[in-house]
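Before any comments, here is the structure.
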Amino acid sequence: MSFTSLGLSRSLLNAIKDQKITKPFPIQEQAIPAVLQGKDVMGIAKTGSGKTASYVLPILDDLQKNPSTKNRHVNVLVLVPTRELAVQVKDVFQQFGTSLPERIKTLAVYGGVSINPQMQALNHVNVLVATPGRLLDLVESNAVHLSEIKTLVIDEADKMLSMGFKDEVDRIFKLIPKKRQNLLFSATLNEDIDSINQWILKEPVLIRIEEEKDSIELIKQLGYWVSEEKKGPLLRYLIKNGDLKQVLVFTASTYKADNVADKLRKNGIDASAIHSKKSQTARLDSLARFKAGTLRVLVTTDLLARGIDIEFLPHVINYELPRSPKDYIHRIGRTGRAESPGDAISLITPEDKHHFKVIQKKMKKWVDMVDSEHLNLKG
Ligand code: AMP
């Protein structure tokens, strides 16, 4: 299938061509026609599936025909859980929007930075990408009005709820017109997501992209038996000996993320930690360097990692296991994208043995284990 059969207008098809994208991803094949027809959509798909373009393209198409008129009254609102995702989504709107005849202004707003520049930038914005708390602040200061919203997108809805944004999101629902189009995207479908579905979506087209299993088949997984105190040396050994160039390392806590990154740097490996306690500027800077390939190791926790969108991530190392098997699958799923095989390594202490077994059972795949005892970790 090609993009031409999905109902997009000529100017959008040209914009897609400009981006050298030739074939729609499955979620795009299903979501684009539904969104163009004004239907509500519930997309169960994770980062990497192409979900962002699946709503950005039809929304831009509609805005070409019906651009907003009133200043400070946005027509499209995209709610996202993190600043990183806000910036990424805005970038996709801009990427496809630059060559369109009707100029579309997209702005990303998020907390942790000064509100004043955002207030000023809200002039004649068509698409607002926002984290919930900052959006409410901006509404309260009359910097933006939500009464003309035609389309509401909730991206990474599951993460939004797990990060505790439920109350804010509920307040936002009450501020926007009842008659609107709703597009909800979530990596998983659980009870909470279903309750939002029941509340706001009207007969949604349900799209499920079950790509995790396929991508898992593409990933070379390996586990290393290791004691807690040898984890640091083993991590350095794996990075240095394997000559790994772009490695995403997961820890269970922000404290540990800092600690692991510090130790790597002390041993001459360029590493940086990103987590919720870092400043916005520091987070964006590390992410940009990591994406550009100039930062070798990025250490992070589950909370922030889902928004990291890198086309091909060759190596993921679980320095510590996540609690849920689902998070494990999300973590390693980042390496098996776009049919490029990657590898995922997990450092397993004797205490992790049972939990790792549970994860493998859920994943329906057994991971080969290596004993690190005989490795020369001193080198
Ligand atoms: P997403 O799931 O929206 O984060 O997208 C994942 C990545 O896939 C992004 O880097 C997109 O630029 C890329 N992408 C999205 N749609 C396509 C497509 N149809 N063909 C190739 N790459 C795409």
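Just follow the structure's listing: the first ligand is 1, and inside any ligand the first atom is 1.
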What do the steps show when you test Asn182 against Asp40 for side-chain hydrogen bond (donor to acceptor under 3.5 Å, both in side chains), and what is the final call? CA-CA 5 Å; Asn182 299 291; Asp40 279 8; 3.2 Å; yes
Side chain or backbone of Ser54 under 4.0 Å from ligand 1, or both, or neither, by non-hydrogen atoms? neither
Taking non-hydrogen atoms only, is Tyr55 closer than 4.0 angstrom to ligand 1 via side chain, backbone, both or neither? neither
Partner of Ile149 under side chain to side chain contact (heavy atoms under 4.5 Å, CB included), chosen from Ile172, Leu175, Val74, Val76: Val74
Evaluate whether atom NZ of Lys202 has more than 12 neighbouring non-hydrogen atoms of other residues, nucleotides or ligands under 6.0 angstrom away. yes
N or O pair under 3.5 Å between [X] and ligand 1:
X: Gln95; result: no
X: Ile21; result: no
X: Phe3; result: no
X: Gln28; result: yes

Run the numbers for me: atoms of ligand 1, each under 4.0 Å from some heavy atom of [X], listed by number.
X: Thr52; value: 1 (P), 3 (O), 4 (O)
X: Gly48; value: 1 (P), 2 (O), 4 (O), 6 (C)
X: Lys23; value: 18 (C), 19 (N), 20 (N)
X: Thr47; value: 2 (O), 4 (O)
X: Lys51; value: 1 (P), 2 (O), 3 (O)

Pairs involving residues 109-129, ordered by first then second residue, that meet salt bridge (charged side-chain N to carboxylate O under 4.0 Å, His left out) (sequence neighbours left out):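 Every pair satisfying salt bridge (charged side-chain N to carboxylate O under 4.0 Å, His left out) with a residue in residues 109-129: there are none.
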So which pairs with a foot in residues 221-236 pass salt bridge (charged side-chain N to carboxylate O under 4.0 Å, His left out), sequence neighbours left out?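 Sorted pair list: Glu228-Lys231.
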Say whether [X] and [Y], considering side chains only, have a donor N or O and an acceptor N or O under 3.5 Å apart.
X: Thr47; Y: Glu156; result: yes
X: Asp194; Y: Gln198; result: yes
X: Ser11; Y: Asn14; result: no

Check: of Pro26, Gly50, Pro24, min heavy-atom distance to atom 5 (O) of ligand 1 comes from Gly50
